[in-house]
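These notes are about the structure you will find just below.
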Protein chains: 2
Amino acid sequence: MKWDTLDEEPCSLSRTIAVVGDRWTLLILRECFLRVRRFEAFQSSLQITRHLLSERLKKLVRFGILRRVPYSQAPKRYEYILTEKGLDLYPVIMAMVHWGDAHMGDERGRPLLHEHKICGMLFDPVMVCSECGEPLHAKQVHVHAGPGGKKAVGSVAASS
Amino acid sequence: MKWDTLDEEPCSLSRTIAVVGDRWTLLILRECFLRVRRFEAFQSSLQITRHLLSERLKKLVRFGILRRVPYSQAPKRYEYILTEKGLDLYPVIMAMVHWGDAHMGDERGRPLLHEHKICGMLFDPVMVCSECGEPLHAKQVHVHAGPGGKKAVGSVAASS
DNA sequence: TCAAGTTAGTTCCTTTTTCAGACTGACTGT
DNA sequence: ACAGTCAGTCTGAAAAAGGAACTAACTTGA
């Protein structure tokens, strides 16, 4: 598996990793979800080197996750705004936040709490089945080769 | 933000990234969920260098995501098995797979299909609110500083 | 009008990580 | 005795990341 052709693998996880699976990308996206939009703001809140930030923003624009939108003509200045494709990464980030809350916490409690504006409650994100609505567990899922797949694979029962 | 102290940041996303946010770890975990357990099997299916595989497995054991279990005494041989903490990463991987299916597909269709053994249907994973059960969207979530947080932050309305 | 500040990068050099592949050691099966 | 398996380790080269100064095009305030 080559790192620079990961987005051509017949595996949706590989393709996602090709986009968000490097050292800074998910942290940049967290800032986007916290409404950070400008180069200097990303740089100072993440302490990422300017060079790498520049590269990562270009990559996210290239993959259609951020849009580079001018907000000043002279001098030319741009801000970076999540597209629909970028907004759709919210579940990925929330899944990681939730795992961190559950398994990487310290004695001080969780760093952030999330309130659902729809119901007004503090909540945790839960991954459910689109068909029956039940929470998903690895051992209850069976994998089939799809049309874009290479070969059949067994059931995704986790090593127990 | 330093890469090697990311797991001490007051941010659950950073802490999760400290564990699974490097070049190979999530791909190794995908193999674990596909019931791969042995060094040679990881190596040949991922084409990862043996050195890096060894490092990554050690790291996953150190963080309590895999257990190193002997299956042969002479010669000493071990296999790597997901712990509960590791199994709990399933939603992270499924969220990424689903995003890849939705946004990185090619003309051939999705590589894998998932069947929920509970209801028998092919499904997509959906992230919902633990309190009201509605699907989550970034713009409907408001963030508050929690006990382990540093400072208050605004609402997570995505840059629109 | 002139110096200082802001913003969005680029350039250069050093350090760290990753890659590719050979090598080791303890066995097994024939 | 000899090839093969398995789980790694070692080494040197290549790629990526880090740190910090520099550039370009303005704006602001004195």
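In what follows, every chain begins at residue 1, and chains take the letters A, B, ... in the order their sequences are listed.
- Remark: C1' of dA17(D) and CZ of Arg23(A) are 6 Å apart, rounded to the nearest angstrom.
- Mapped onto DNA chain C by nearest heavy atom, Trp3(A) and Glu79(A) fall at different nucleotides, with Glu79(A) at the one closer to the 5' end.
- Using a 4.0 Å heavy-atom cutoff across all strands shown, Tyr71(B) reaches sugar-phosphate atoms only and no base atom.
- Of the side-chain N and O atoms in Tyr80(A), one or more sit less than 4.0 angstrom from OP1 or OP2 of dG9(C).
- Residue whose closest nucleotide on DNA chain D sits further toward the 5' end, between Trp24(A) and Lys76(A): Trp24(A).
- Of the possible polar contacts, none joining the Ser14(B) side chain to the Leu6(B) backbone as a donor-acceptor pair under 3.5 Å is found.
- Of the candidate nucleotides dC19(C), dG18(D), dT10(C), dT10(C) has the atom nearest to the side chain of Ser54(A).
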Intermediate values then yes/no, ring pair (Phe, Tyr, Trp, His ring centres under 6.0 Å), His142(A) and His144(A): CA-CA 7 Å; His142(A) 191 87; His144(A) 304 269; 5.0 Å; yes
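- The side chain of Pro75(A) lies closest to dT27(D) when the candidates are dA20(C), dT27(D), dT18(C).
- Of all nucleotides listed (dT10(C), dT18(C), dC27(C)), dT10(C) comes nearest to the side chain of Lys58(A).
- Under a hydrophobic-cluster definition in which Ile, Leu, Val, Met, Phe, Trp and Tyr are linked whenever side-chain heavy atoms come within less than 4.5 Å, directly or via other members, Phe63(B) and Leu87(B) are assigned to the same cluster.
- If you measure from atom OH of Tyr78(B) to atom P of dA7(D), you get 11 Å, rounded to the nearest angstrom.
- In the set dC26(D), dG8(D), dA21(D), the nucleotide with an atom closest to the side chain of Ala74(A) is dC26(D).
- If you measure from atom CG of Leu57(A) to atom C1' of dG9(C), you get 10 Å, rounded to the nearest angstrom.
- Side chain of Ser44(B) to main chain of Glu40(B): a donor-acceptor pair is present (N/O by atom type, distance under 3.5 Å, no hydrogens or angles).
- Of the side-chain N and O atoms in Lys2(B), none sit less than 4.0 angstrom from OP1 or OP2 of dA17(D).
- Put simply, NE2 on His51(B) is 8 Å from C1' on dT18(C), counting in whole angstrom units.
- Atom CZ of Arg77(B) is separated from atom P of dT28(C) by 9 Å (rounded to the nearest Å).
- Residue Asp4(A) contributes atom CG, which lies 16 Å from atom P of dA14(D) at whole-angstrom precision.
- Between the side chain of Arg50(B) and the base of dA7(D), a donor-acceptor pair under 3.5 Å is found.
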From CA spacing to verdict: salt bridge (charged side-chain N to carboxylate O under 4.0 Å, His left out), Arg15(A), Asp106(B): CA-CA 11 Å; Arg15(A) 292 178 188 165; Asp106(B) 57 24; 3.1 Å; yes
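- Here dA17(D) presents its C1' atom at 14 Å from CG of Leu27(A), a figure rounded to the nearest Å.
- One can place CD1 of Ile48(B) at 13 Å from C1' of dG8(D), the figure rounded to the nearest angstrom.
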